[in-house]
Visitor: 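Before I ask anything, let me first share the structure, which is written out below as structure tokens.
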2 protein chains.
Amino acid sequence: MTADVSLAPRDPGPEGTRWLDVEEQRAWRAWLYSAQLLLDRLDRELTHATGISHAYYEILVALSETEGRMMRMSELADRCLSSRSRLSHAVSRLEERGWVRRQVCPDDGRGQLAVLTDDGFAALEAAAPVHVESVRTHLFDQLSPEQVAAMRDLGETLLRHLGPR
Amino acid sequence: MTADVSLAPRDPGPEGTRWLDVEEQRAWRAWLYSAQLLLDRLDRELTHATGISHAYYEILVALSETEGRMMRMSELADRCLSSRSRLSHAVSRLEERGWVRRQVCPDDGRGQLAVLTDDGFAALEAAAPVHVESVRTHLFDQLSPEQVAAMRDLGETLLRHLGPR
DNA sequence: AAACTGTAGTTGAAGGCTCATCTATTCCGC
DNA sequence: GCGGAATAGATGAGCCTTCAACTACAGTTT
């Protein structure tokens with residue numbers, strides 16, 4: 001029924017590949033589908049209700065949390081799990097909206113600071129309740145406290161392996 | 001520390017928004033980051049090792065699992081959690097690679113069948129072990145059997161809410 | 001069978017992401 | 001303080017996704 005296994009029957013012998021068994025496939029598919037659907041749903045609802053994609057939202061949030069509402073580009077990229085290039089493009093677009101501006105970093109002539117403007121902060125303030133409600137509706141309202149604990153445990157376990165680099 | 005809450009202190013009163021508490025934030029952040037990192041990692045490893053993105057991989061897998069290795073476009077889109085438009089573009093690109101071809105649906109003159117070619121199947125056969133190994137390394141090898149069970153439970157619970165529609 | 005409505009799929013434009021490349025600045029060893 | 005290596009960030013091309021039309025066929029009504 002699933003991806004990775006449909007091929008297993010055709011290459012059954014002991015040839016080194018650690019194929020997934022039926023239970024693993026189910027777990028994997030359930031995780032993958034739910035993750036894709038949830039991320040997609042949250043992004044869509046936020047975008048349609050506020051005009052801010054989840055990617056932009058994360059940038060605005062990161063900036064809003066710092067002293068002075070400003071942050072070095074590369075630090076911001078790390079926080080947002082974004083590549084430098086992607087962040088640079090995104091900040092350019094946020095600049096066009098008037099929500100962020102760039103400023104040369106005083107300490108390091110190579111560096112740039114991304115600064116959240118008042119308009120940007122206002123946009124974030126308007127979007128936050130919408131997003132939180134969305135996360136509640138599609139995630140927390142669906143889960144028991146035990147499942148929330150398991151979700152956290154799972155996430156933190158994977159994070160220890162995957163990053164934060 | 002996180003997104004959704006950084007704004008909570010500034011709008012503390014009882015104004016209707018069900019903000020996340022500290023525990024919920026941790027769970028949410030852990031899930032979000034781990035999901036983004038894992039999806040990204042798997043896609044990157046597959047793409048770099050085989051030239052097949054995860055999105056393409058899912059299309060090839062879906063086709064490979066059917067009788068005759070062919071499927072209606074819209075059914076394929078549903079299986080891959082893809083929009084019709086996105087799938088249509090993707091199939092066009094796979095057609096250029098010679099991995100899929102289109103064929104008018106005999107039953108329904110409006111419909112198209114996407115058919116996996118032998119080359120496409122061969123490409124999938126080459127990619128599958130790479131992908132499975134990646135999923136094992138970054139997911140299953142990191143988790144206890146209990147965590148795998150929890151992951152499945154979580155995914156299935158969310159799927160009941162989010163779809164499949 | 002003509003007209004309407006709904007469904008299947010495609011298309012093109014616009015925005016977003018990735019990758020490779022490029023510039024500017026800092027750091028390091030001498 | 002000079003020259004090379006490393007770092008910060010920007011940029012442009014190409015690919016991918018989305019969105020809003022658009023075409024074509026099917027099913028339904030009259």
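A quick note: this is a predicted structure, and the numbers were derived from the prediction, not measured. A note on names: the letters A, B, ... follow the listed sequences, proteins ahead of strands, and every chain is numbered from 1.
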Visitor: What integer distance in Å separates B:Q112:CD from D:dC25:P?
Guide: 11 Å
Visitor: Output the rounded distance in Å from CD1 (A:I59) to P (C:dG16).
Guide: 11 Å
Visitor: From CZ of B:R110 over to P of C:dT5, roughly how many Å is that when rounded to an integer?
Guide: 16 Å
Visitor: Is there a side-chain contact between A:R102 and A:M73 (heavy atoms, below 4.5 Å)?
Guide: yes
Visitor: Look at the side chain of B:S134 and the backbone N and O of B:H131, then say whether any donor-acceptor pair between them is shorter than 3.5 Å.
Guide: no
Visitor: Take the protein atom CE of B:M70 and the nucleotide atom C1' of C:dG9, then report the distance between them rounded to whole Å.
Guide: 18 Å
Visitor: So does A:T47 get a backbone contact from the side chain of A:T50, meaning a donor-acceptor N/O pair under 3.5 Å?
Guide: no
Visitor: Choosing from D:dG9, D:dA26, C:dG9, which nucleotide comes nearest the side chain of B:S74?
Guide: C:dG9
Visitor: Check the distance between D:dA10's C1' and A:E95's CD and give it to me in whole angstrom.
Guide: 12 Å
Visitor: Please check this pair: side chain of B:R18 against backbone of A:R136, looking for a donor-acceptor N/O pair closer than 3.5 Å.
Guide: no
Visitor: To the nearest angstrom, how far is B:L39 atom CG from C:dC17 atom P?
Guide: 15 Å
Visitor: Determine, stepwise, if the pair A:D108 / A:R72 fulfils side-chain contact (heavy atoms from CB on, under 4.5 Å).
Guide: CA-CA 10 Å; A:D108 187 338; A:R72 284 291 291 271; 3.7 Å; yes
Visitor: On DNA chain D, check which nucleotide each of B:G109 and A:E75 is closest to and give me the residue with the more 5' one.
Guide: A:E75
Visitor: To check you understand the geometry: which heavy-atom pair defines the closest contact between B:L154 and A:A150, and what is its length?
Guide: CD1-C, 4.3 Å
Visitor: May I have the distance from A:D108 (atom CG) to D:dA6 (atom P), rounded to whole angstrom?
Guide: 17 Å
Visitor: Rounded to the Å, how far apart are B:R72 CZ and D:dC25 C1'?
Guide: 11 Å
Visitor: Can you build the contact string for nucleotides 11-22 of chain D? Use B for base contact, S for sugar-phosphate-only contact, and - for no protein heavy atom under 4.0 Å.
Guide: BB---SBBB---
